[in-house]
Amino acid sequence: MDKQKFYLTTTLPYVNAELHIGHALEFVQSDTIVRYFRNKLGKENVFFNVGTDEHGQKIFNKAQEEGLELKPFVDKYAQRVMDFCKLFNVEYDNFYRTSDPKHHELAQVFWNKCNENGDIYKKQYSGQYCVGCERYLTDKELVDGKCPDHHTVPELKTEENYFFRLSKYRDPLLKWLEEEKAFVKPAYKMDELKKFISEMEDISISRLRENLPWGIEVPNDPTQMMYVWFDALTNYAIAVGYGTDEERFRQWWGPVQTCGPDNLRFQGAIWQGMLASAGLPQSEKLLVHGMVLGVDGTKMSKLVGNIVSPFEQEQKYGAETVRFYLLTGIPTYDDAAYKEDDLVNEYNSRLANNFGNLLNRVIHLANAKEVEMNNEVAVEGEFKATVDTYVNEINRLYEDYEIYLAGEKIDQLADYGNKYITTEEPWSKEKPEAQKILNNLSYLLKHVIAGYSPILPISCAKALEALEKREKLILFPKLEA
RNA sequence: CGCGGGGUAGAGCAGUGGCAGCUCGUCAGGCUCAUAACCUGAAAGUCGUUGGUUCGAGUCCAACCCCCGCAACCA
């Protein structure tokens, strides 16, 4: 990847249901990383892709359930995702929809490329087909040899599908990973990924059109449709010009991809195999965030009733607060329970008491003492060195995509400010001395604001304005527990 | 024996061989510029269990117990 260009893409959510808090985590983490790099490299050097995965059997079924035609159905859910982004200030550069005719065309280009390289072939496939489900069931899905949903014995059916020669890329990908030891984050996922890759078999990548009319047609074979995963994954390349603008593609390619733990196999193994087949360089990085668990520490599920809705959370606490908790209250790469009590504590302690309160102390005192602030040249050397050490560490953590740890460090910087102001007592000092102390603190605050700004873009813009205009405000009113 | 992660103060976590740490919460004191905020100090842990290696083990080895995720809608 061109060092000046930074390309990040989320996994496209599958639009057969409302977004849940886990999607919110991925979007908000991605947005934060992107915002950091926009600040660092300039807006024009960063590209952020999000979107929706809109094909496949499940969407076909769900649309029928809701009594909607396919297009209005996917439009409705895609709109919900866009609404979500707006609500949570997820500022994407491109919203990719796989139902877009342009995508259809270019996914076929990708298919053809793999085909030209000899990696696609036709094969008989036999399996247990459930008429009720209209799909093949795996042995593990069967309960007493019957479909768990329809309680019928599936029929043994054979169909001819296209297969992708994924097995061919086992060794090349393993070899690649030997050199790209930091490809996956967190590092402990690497063993799991290598295992997936070493066990890769050729996969079926098409379905009979008569079974699944909703999707992308296989090139030169109108009886077959692409399997949804094959079609959807190509978006990451197409989004930056694959098949349309080689120069643009070359400039941007090498994405940082974010995904959930259940997607490691697809993004880390299958997609990398597809890239290799199409003769493209591998992805740059795969960030696998943790699973957001229910308040009881177990997986969220409709049956248990511990589902958390990002829309409800936003209603209750506001977007910035929810962002703050998802980013700094939940470890970036570990599974963690979503606890509203923790959200409130985290917000009160770090934003209201530590950062917000310090901001007001400084503005209030500066006004009372009528002193100058925001003069970087006049910041005392030793104080500046201490702040800069924090700042360097914060930037290093962001660059290593460690949002949670960066948030912790920023909190420590604000904490240092509170200790400093208490020790120095500018309120009891004469004007020249008070000015020195408060100017030092304005320097510290600017860096706290800069540090938090990828996480809290709106609040930080307000905080900066308040500091510059010396207007006292309650940016973070305390929340009731 | 399907695969992976984890069990350390009330909660959440750090800590890969050398006197058990951090944040929140709790308690006491201080300060009073500030959003009843801030600062200082204290209490609180048989580091999942058992056994082993070692002068020394949260840290290494073995066995076992328990929790979570993936495999199967879903990030």
Side-chain angles (χ1 to χ4, degrees), chain A residues 10-14 16-30 57-58 61-62 137-142 148-149 186 188-193 195-196 199 258-267 287-294 296-303 307 310 328-331 333-337 339 341-342 344-346 348-369 404-405 408 411-412 414-415 417-429 434 437-438 441 472-479 481:
Chain A
T10 64
T11 299
L12 303 190
Y14 199 62
N16 64 337
E18 288 286 351
L19 289 183
H20 50 71
I21 199 77
H23 292 110
L25 179 76
E26 180 168 321
F27 274 76
V28 158
Q29 282 188 353
S30 301
Q57 188 77 52
K58 272 165 289 194
N61 294 350
K62 194 73 196 287
L137 303 178
T138 63
D139 290 344
K140 282 177 181 172
E141 281 179 297
L142 299 179
D149 294 329
Y188 69 77
K189 295 275 183 193
M190 185 57 105
D191 285 348
E192 201 175 347
L193 177 57
K195 186 163 176 72
F196 285 156
E199 290 173 355
T258 55
C259 75
D262 51 343
N263 249 292
L264 179 63
R265 172 182 258 115
F266 291 99
Q267 315 284 4
L287 307 179
V288 187
H289 58 252
M291 174 78 55
V292 183
L293 306 170
D296 53 356
T298 62
K299 188 176 173 172
M300 288 189 190
S301 103
K302 284 174 188 156
L303 290 171
I307 297 268
T328 72
I330 287 181
Y333 301 105
D334 285 325
D335 297 354
K339 297 182 180 177
D341 287 353
D342 287 355
V344 170
N345 280 339
E346 195 77 19
N348 281 341
S349 158
R350 291 190 178 189
L351 293 183
N353 298 349
N354 200 19
F355 171 37
N357 185 42
L358 179 65
L359 181 67
N360 278 343
R361 295 176 89 175
V362 170
I363 292 171
H364 181 91
L365 279 166
N367 288 338
K369 294 270 178 188
Y404 176 85
L405 297 177
E408 208 168 61
D411 185 51
Q412 286 170 16
D415 189 54
N418 268 313
K419 284 178 169 63
Y420 177 78
I421 197 173
T422 303
T423 316
E424 299 299 319
E425 301 183 15
W427 52 87
S428 66
K429 297 280 164 63
I437 296 162
L438 291 168
L441 282 162
K472 211 182 138 175
L473 87 167
I474 304 291
L475 239 191
F476 305 108
K478 276 195 97 161
L479 292 172

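We name chains A, B, ... by the order of the sequence lines, and we start the count at 1 in each one.
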Return the pairing partner of [N] with a 3.5 Å limit on both distances, Watson-Crick or G-U wobble; otherwise return none.
N: U35(B); value: none
N: U40(B); value: A28(B)
N: A63(B); value: U49(B)
N: C13(B); value: G21(B)
N: C3(B); value: G69(B)

Expressed as a whole number of angstroms, how long is the span from [X]:[atom1] to [N]:[atom2]?
X: Asn263(A); N: C74(B); atom1: CG; atom2: P; result: 9 Å
X: Glu199(A); N: A71(B); atom1: CD; atom2: C1'; result: 11 Å
X: Lys62(A); N: C74(B); atom1: NZ; atom2: P; result: 11 Å
X: Ile363(A); N: U35(B); atom1: CD1; atom2: C1'; result: 13 Å
X: Asn353(A); N: C39(B); atom1: CG; atom2: P; result: 9 Å
X: Asn418(A); N: C39(B); atom1: CG; atom2: P; result: 5 Å
X: Leu479(A); N: A36(B); atom1: CG; atom2: C1'; result: 16 Å
X: Asn354(A); N: U23(B); atom1: CG; atom2: P; result: 11 Å

Check your understanding: Can you list the steps and then say if Glu199(A) with Lys195(A) is a salt bridge (charged side-chain N to carboxylate O under 4.0 Å, His left out)?
Key -> CA-CA 6 Å; Glu199(A) 290 173 355; Lys195(A) 186 163 176 72; 3.0 Å; yes
Phosphate oxygens OP1/OP2 of A34(B): is one of them under 4.0 Å from a side-chain N or O of His364(A)?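 Checking His364(A) against A34(B): at least one side-chain N or O falls below 4.0 Å of OP1 or OP2.
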Pairwise N/O distances under 3.5 Å, protein to nucleotides 9-12 of chain B:
none

Show the distances under 3.5 angstrom between N or O atoms of the protein and N or O atoms of nucleotides 65-70 of chain B.
| unit_1 | atom_1 | unit_2 | atom_2 | d |
| --- | --- | --- | --- | --- |
| G69(B) | OP1 | Lys299(A) | N | 2.5 |
| C70(B) | OP1 | Lys299(A) | NZ | 2.9 |
| C70(B) | OP2 | Lys299(A) | NZ | 3.0 |

Please state the C1' separation for the pair A9(B) and C3(B) - nearest whole angstrom.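 After rounding to an integer number of Å, I get 34 Å for this pair.
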**Report entry** Pair Thr11(A)-Gln267(A), side-chain donor/acceptor within less than 3.5 Å
**Finding:**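 Note: Thr11(A) and Gln267(A) side chains meet the donor-acceptor criterion.
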**Report entry** Residues Thr258(A) and Ser30(A): side-chain donor-acceptor under 3.5 angstrom
**Finding:**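 Yes, Ser30(A) and Thr258(A) have a side-chain donor paired with an acceptor closer than 3.5 Å.
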